[in-house]
There are 2 protein chains.
Amino acid sequence: MEKYVKILKKNDLKITSQRLIVLQYLDENCIHPTADQIYSDLKINNPSLSKTTVYNALVALQKHGIIQAITISGSELRYDIPHGMHHHFYCKKCGKIVDIDISCPNIKKMSEFGHKVEEIHGYIKGICKECLKKGS
Amino acid sequence: MEKYVKILKKNDLKITSQRLIVLQYLDENCIHPTADQIYSDLKINNPSLSKTTVYNALVALQKHGIIQAITISGSELRYDIPHGMHHHFYCKKCGKIVDIDISCPNIKKMSEFGHKVEEIHGYIKGICKECLKKGS
DNA sequence: TTACTAAATTGTAATTATTACAATTTTACA
DNA sequence: TGTAAAATTGTAATAATTACAATTTAGTAA
């Protein structure tokens, strides 16, 4: 837990137990969860937790680049801790998101268009290996 | 307009005036509009148009790959007609989406992960040239 | 052209993720 | 330990999208 305290401190964020457990949850569960999933899972051991707090914590962590929001599904935001450039695959059938470890060779080119680049997302959509196996 | 009739026919979609105007709108307005923008703009000259119809038309066109939904903003879907692989830049300040003409050299690699790849999206977020000029 | 069937359109109501807000509690610091 | 600013909480509001039932229309075959 000290690990997460350090991260918050480094980013001048106030240390609260709620931010710590949200951060820990994302660090230990690389399932690219929704805000609601995070809330439901944490609520079990933290009955006083509010869903708004989860949203607030996610916004605060995002502002400082500690976590990132993934917009791949189109209907809900999914969150993860970005460790190194990678892409995301979204299964249209089961909704799962999996990391695709490819880095983008275009990154340097992006700034040549005159816009200030802050985030780069590589999204791939289709049917995942496991759903393919199960058949339709 | 005959152009759009052909597209619908080729895809075994029933020809309706509503689908035609939605398709024409997207073809002539490369602004990556929301469903609501499309609806509002078309409503002016087509007072009987319903918003649900716009949604239905978009779903039908999307199913056949005639148009694509862009999930870059995270809060709403934006639509465009994909002509050739390109990426999208989203301005966090003004909400504008602009095409970035880069093709992704990773495309071949994507299928090596065992998933069935149906769509690839390259999203870049930041502040656009014009908003940078205006300053904060 | 006419009649028929399946599909599309329409308007309204429901759903769902997210945000706004005011009251209360807590953190960080003097 | 006291205090001010910030965070948490619960509820209410918002906004995009979907569900649904009634009506209309497109496509086809007689």
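A note on names: the letters A, B, ... follow the listed sequences, proteins ahead of strands, and every chain is numbered from 1. Keep in mind that what you see is a predicted model, and the values were worked out from it rather than measured.
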Name the atoms and distances for all side-chain donor-acceptor pairs under 3.5 Å in residues 67-77 of chain A, with sequence neighbours left out.
from: A:T71; atom 1: OG1; to: B:T71; atom 2: O; distance (Å): 2.8
from: A:S73; atom 1: OG; to: A:S75; atom 2: N; distance (Å): 3.1
from: A:S73; atom 1: OG; to: A:S75; atom 2: OG; distance (Å): 3.3
from: A:S73; atom 1: OG; to: A:E76; atom 2: N; distance (Å): 3.3
from: A:S73; atom 1: OG; to: A:E76; atom 2: O; distance (Å): 3.4

Side-chain donor-acceptor pairs under 3.5 Å in residues 49-60 of chain B, sequence neighbours left out?
from: B:S50; atom 1: OG; to: B:T52; atom 2: N; distance (Å): 3.2
from: B:K51; atom 1: NZ; to: B:D36; atom 2: OD1; distance (Å): 2.5
from: B:N56; atom 1: ND2; to: B:T52; atom 2: O; distance (Å): 3.4

- Item | Residues which pass side chain to side chain contact (heavy atoms under 4.5 Å, CB included) with A:C30, listed by chain and number, not counting sequence neighbours | none
- Taking five pairs at each end of the helix from C:dT1-D:dA30 to C:dA30-D:dT1, what angle separates the two helix axes (nearest 10°)? 40°
- Task: For B:K116, check side chain to side chain contact (heavy atoms under 4.5 Å, CB included) against everything at least two apart and list the hits.
- Result: A:I127, A:L132, B:E118
- Contacting residues from residues 50-70 of chain B, given that a heavy atom lies under 4.0 angstrom of DNA chain D: B:T52, B:Y55
- Task: Send over the distance from A:L77 CG to D:dA16 C1', rounded to a whole Å.
- Result: 13 Å
- Item | Contact pattern, 5' to 3', of nucleotides 23-30 of chain D - B, S or - by protein heavy atom under 4.0 Å | ---BS---
- Task: At the 4.0 Å heavy-atom cut-off to chain A, mark where contacts on DNA chain C begin and end, going 5' to 3'.
- Result: C:dA17 to C:dA28
- Contact check, residues 23-41 of chain B vs DNA chain D, heavy-atom distance under 4.0 Å, returns none
Under 3.5 Å, side-chain donor or acceptor atoms of residues 17-28 of chain A against the rest of the protein: list the pairs with distances, not counting sequence neighbours.
from: A:R19; atom 1: NH1; to: A:K14; atom 2: O; distance (Å): 3.1
from: A:Q24; atom 1: NE2; to: A:E28; atom 2: OE2; distance (Å): 3.3
from: A:Y25; atom 1: OH; to: A:D41; atom 2: OD2; distance (Å): 2.5
from: A:D27; atom 1: OD2; to: A:K3; atom 2: NZ; distance (Å): 2.7
from: A:D27; atom 1: OD2; to: A:Y4; atom 2: OH; distance (Å): 2.6

- All side chain to side chain contact (heavy atoms under 4.5 Å, CB included) counterparts of B:H86, not counting sequence neighbours: B:D80, B:H88, B:D99, B:D101
- Note on the structure: side chain to side chain contact (heavy atoms under 4.5 Å, CB included) filter on A:K109, not counting sequence neighbours, yields A:N106, A:E112, B:I102
